[in-house]
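Written out below as structure tokens is the structure these notes cover.
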Protein chains: 4
Amino acid sequence: MAKRVDKEQRQAELLEIAIEVFAKRGYQATTMDEIAEQAGVSKGMLYIYFKNKEALFGAVFRWFGKMTEEVMQGAIDDTKDEVEQIRRITAAWAEVAIRHREFVPLFLDFWAAASVHGMRNDYAEDLATMYDEYRTMIIGIIERGKVRHIFKSDVDAEAIAYLLVGGMDGFFIQSWLSQPNNLNTLMFNATESLLQGIITT
Amino acid sequence: MAKRVDKEQRQAELLEIAIEVFAKRGYQATTMDEIAEQAGVSKGMLYIYFKNKEALFGAVFRWFGKMTEEVMQGAIDDTKDEVEQIRRITAAWAEVAIRHREFVPLFLDFWAAASVHGMRNDYAEDLATMYDEYRTMIIGIIERGKVRHIFKSDVDAEAIAYLLVGGMDGFFIQSWLSQPNNLNTLMFNATESLLQGIITT
Amino acid sequence: MAKRVDKEQRQAELLEIAIEVFAKRGYQATTMDEIAEQAGVSKGMLYIYFKNKEALFGAVFRWFGKMTEEVMQGAIDDTKDEVEQIRRITAAWAEVAIRHREFVPLFLDFWAAASVHGMRNDYAEDLATMYDEYRTMIIGIIERGKVRHIFKSDVDAEAIAYLLVGGMDGFFIQSWLSQPNNLNTLMFNATESLLQGIITT
Amino acid sequence: MAKRVDKEQRQAELLEIAIEVFAKRGYQATTMDEIAEQAGVSKGMLYIYFKNKEALFGAVFRWFGKMTEEVMQGAIDDTKDEVEQIRRITAAWAEVAIRHREFVPLFLDFWAAASVHGMRNDYAEDLATMYDEYRTMIIGIIERGKVRHIFKSDVDAEAIAYLLVGGMDGFFIQSWLSQPNNLNTLMFNATESLLQGIITT
DNA sequence: GATGAATGAGGCTTCATTCAT
DNA sequence: CATGAATGAAGCCTCATTCAT
């Protein structure tokens, strides 16, 4: 074991820096020089750990997906109550939106990248899968709640999933643009109103 | 007046082509050459009608804003009933999402552009204003509904506005990614569930 | 005779504008659009009266040469005394340098243009001819003065001509750069010192 | 250290080539491609060593200023006699004019560049400072000569400085245009005549 | 391994000149 | 005659990627 840090850790460090720089400057405006300099390594080094700029961006993308998934999953682990699970998911997301405002540009870059066909990696597919999983998670909650008669039996679980997932993203972006100081409350109230519409009385 | 078509029409034509190309390829990937070629005019021509690439993109942006505003406004013109107004807004938006799938990348590019500080035009500000207006429109509907005891008096109008506006965008994007064939139904059902939560019984 | 101004006058007008614009912006930075707009005519018009941009510049160049020659010639017309002639030439030149500071950039552009071989017109040759004539004029004065024993017989008339002509240009440029408020005095004193060196005692 | 030569030397090499090309073609007509090709390096390389075309020209400008200053300074180092100092300055300058004819276009370009306000660097100011220094040097010589009663006490040192500095430039340019084969003699004779006018008898 | 000098394709933009109306 | 819309060649500059040391 030489004094050199091992590859995996080095790669993780580079990724961390890349996240920072991509978030601050956007994908296009970010140069490999900038990342290398910020990381204190040579440019050639980056190319050893990541095939090219796009691969590096892809790594950031996957990191982001994992992070959000953990947030969502972590939110529902502690309770079996479906209503509470939905509350916690949106609350957790509001938390992310507040604590990680700096990721919004990154987030938007992912989408923009996904929507362009020129990119070698197929972000669109990855992103679609990600959103599918989120919706599936929500649908599962709703359906279980329906079985337990907590949610009305005629609720369209898929529609609610679309609304919640889309709404959370929309909240994220709008809050970034307009910076409301009561984001948690807004998210909470919106969630409650929606819940009022789907729970059995 | 020398040669060809009149200036205004020519500019509109070029804008139309630019919308198409930007939508297909994304802002960064789009080259002025490409737009010119697609429009069947010389590159220099573009610069007569638009100061530079960014100004052209700005024009596309403004066109998009105007278009969506008209859609929203048109949806509520025909009825005074607040519940119906909200239904029509979301329905109209679903319509746009279906008919204009090709605009999603454009839409994402606006956001991505807004989030990057390098751009000379301040898209972020324009976009924030746009969203403010949409929310203000929704808030107005909710508040009027509350006065008429159609909506519960304790409904947080701002929160609903955030959810609806964000949700519509989220629907737009998700539907672009996953291409559900029953988008109208999904949007309708989601809206109904939310309405159930805020109307007086 | 139509109401339209006749060609020659129109050409003179355009030339006048061109002088102004070239002087203010320099040859390269000046665009044909700019001249046309300033002159209140169409761009195509310029090309009717002047073959191209360079031809227009050439016309300005010739105008400048004629103007300076007239200044020099006018200065010596009124007197037969050689010492006085030299005094008047330098004084006249100082006058031009003060009154027409705005022509310095033009003047420099002529030289710069002359020194580049890319230009289609051979400014270098024209300029060389112009300077030859100036020197010849000075040499004539000196030689006549020598004949009349006003100037020392061993004075190198050509050398003095070089110094005077070069000195006047140098004065012109230096005064443009440093803007002394006593330019006439400086020019006068310099001339007197030189004269002291060449007149017979 | 990766690859090839050391940075400083490489920069010096590129500068040398740039001097050559700018001198031959003039600032405007010179393209970065041309310099790169002439230097046998890629275009991008130039931009590593010099921020842009203008910065490269600025470096050439500074090199020229340093060179001429060394010539002037070197000329007066060896003697304390003021008359001799002036003789040597003009002689040294004649030497430069003969040996470095190719720099005249460069020289003119500096002036032309200085006179145009579009340039980002303020050449005018630098050039003015340069000329100020030259004149100050001459004025110092004259004044010291006056103290030692070598020069007449009523000589206007500043005027002489203007004439000498301007005269030298004028000589330089005229000699480039007309290519006299006895430039040293002309410069020498002109200087002698002027000296005759200012020394005490 | 590690470096960073070097490359060169590719994009944006300008503007002299032309020519259909 | 007069116009000014249209052209397109040409120039500057950037930056992902490579590779000699």
Side-chain angles (χ1 to χ4, degrees), chain A residues 2 4 7 10 28-37 40-57, chain B residues 1-7 10-11 14 28-37 39-56, chain C residues 2 4 7 10 28-37 40-57, chain D residues 1-7 10-11 14 28-37 39-56:
Chain A
R4 241 180 296 287
K7 279 200 73 152
R10 168 60 63 94
Q28 286 291 344
T30 297
T31 66
M32 294 300 265
D33 277 273
E34 212 170 345
I35 296 174
E37 192 187 13
V41 301
S42 73
K43 224 185 322 180
M45 197 76 169
L46 285 183
Y47 283 87
I48 289 168
Y49 287 90
F50 301 93
K51 187 174 178 300
N52 54 30
K53 189 183 179 185
E54 212 179 306
L56 183 47
F57 188 65
Chain B
M1 204 165 292
K3 273 185 192 170
R4 304 276 202 111
V5 300
D6 88 293
K7 285 197 75 158
R10 173 53 65 100
Q11 181 157 34
L14 293 178
Q28 290 291 348
T30 297
T31 69
M32 293 299 266
D33 279 272
E34 208 172 347
I35 296 175
E37 192 185 11
V41 300
S42 74
K43 212 181 335 177
M45 180 119 180
L46 290 180
Y47 286 88
I48 291 170
Y49 289 90
F50 301 93
K51 192 176 176 301
N52 53 31
K53 189 184 179 185
E54 210 180 310
L56 182 47
Chain C
R4 240 180 298 286
K7 281 200 69 150
R10 169 60 64 93
Q28 287 291 344
T30 297
T31 66
M32 294 300 266
D33 277 274
E34 211 170 345
I35 296 172
E37 192 188 14
V41 301
S42 74
K43 224 182 327 177
M45 198 76 169
L46 285 182
Y47 283 86
I48 289 169
Y49 288 91
F50 300 93
K51 187 173 178 301
N52 53 30
K53 189 183 178 186
E54 212 179 307
L56 183 48
F57 188 65
Chain D
M1 203 165 293
K3 273 182 188 169
R4 304 277 203 108
V5 301
D6 89 293
K7 286 196 74 155
R10 173 55 63 103
Q11 181 156 34
L14 293 179
Q28 290 291 348
T30 297
T31 69
M32 293 300 265
D33 279 271
E34 206 173 346
I35 296 174
E37 193 184 12
V41 300
S42 73
K43 210 188 328 181
M45 181 117 181
L46 290 180
Y47 286 89
I48 291 170
Y49 289 91
F50 301 93
K51 191 175 177 301
N52 52 33
K53 189 183 178 186
E54 210 179 308
L56 182 48

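These figures come from a predicted structure and were not determined experimentally. Naming convention: chains lettered A, B, ... in sequence-line order (proteins, then strands); numbering from 1 in each chain.
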Problem set entry | Side-chain donor/acceptor contact of A:K43 with base of F:dT17 under 3.5 Å | yes

Using whole Å, report how far [atom1] of [X] lies from [atom2] of [N].
{"X": "A:K51", "N": "F:dA16", "atom1": "NZ", "atom2": "C1'", "answer": "12 Å"}
{"X": "C:I35", "N": "E:dA16", "atom1": "CD1", "atom2": "C1'", "answer": "11 Å"}
{"X": "D:Q11", "N": "E:dG4", "atom1": "CD", "atom2": "P", "answer": "18 Å"}
{"X": "C:Q28", "N": "F:dA10", "atom1": "CD", "atom2": "P", "answer": "15 Å"}
{"X": "B:D33", "N": "F:dA10", "atom1": "CG", "atom2": "P", "answer": "15 Å"}
{"X": "A:L56", "N": "F:dC15", "atom1": "CG", "atom2": "P", "answer": "16 Å"}

Nearest to side-chain heavy atoms of [X], which nucleotide of [options]:
{"X": "A:I48", "options": "E:dT17, F:dA16, E:dG1", "value": "E:dG1"}
{"X": "C:N52", "options": "F:dT17, E:dT17, E:dA2", "value": "E:dT17"}
{"X": "A:Y47", "options": "F:dA2, F:dG8, F:dT17", "value": "F:dT17"}

Exercise. Hey, is the side chain of D:K7 poking within less than 4.0 Å of OP1 or OP2 on E:dA5, counting only N and O atoms?
Worked result: yes

Remember a base hit wins even if backbone is also touched, and classify [X] as base, sugar-phosphate or nothing at under 4.0 Å, heavy atoms.
{"X": "D:F50", "result": "nothing"}
{"X": "B:K53", "result": "sugar-phosphate"}
{"X": "D:M32", "result": "sugar-phosphate"}

Seminar exercise, completed: DNA chain E nearest-nucleotide lookup for A:G40 and D:Y49: closer to the 5′ end is A:G40

Seminar exercise, completed: Taking for A:G44 and for D:V41 the nucleotide of DNA chain E with the nearest heavy atom, the one nearer the 5' end belongs to A:G44

Exercise. Is there side-chain contact between D:L56 and D:M32, with heavy atoms separated by less than 4.5 Å?
Worked result: yes

Exercise. Below 4.5 Å, heavy atoms only, C-beta onward: do B:K51 and B:Y47 meet side chain to side chain?
Worked result: no

Return the set of residues passing side chain to side chain contact (heavy atoms under 4.5 Å, CB included) with [X] (not counting sequence neighbours), or none when no residue passes.
{"X": "B:A39", "answer": "B:L14, B:I17, B:V41"}
{"X": "D:E37", "answer": "none"}
{"X": "B:T31", "answer": "B:D33, B:E34"}

Exercise. Just by distance, do the side chain of D:K53 and the backbone of D:T30 share a donor-acceptor pair under 3.5 Å?
Worked result: yes

Exercise. Starting at the 5' end of DNA chain F, what dot-bracket string do you get if Watson-Crick and G-U pairs under 3.5 Å are bracketed, crossing pairs use [ ], other-strand pairs use | and unpaired bases use dots?
Worked result: .||||||||||||||||||||

Exercise. A:T30 or C:M45: which one's nearest nucleotide on DNA chain F is closer to the 5' end?
Worked result: C:M45

Exercise. Roughly how far apart are B:I48 CD1 and B:K43 NZ, rounded to 0.5 Å?
Worked result: 13.5 Å

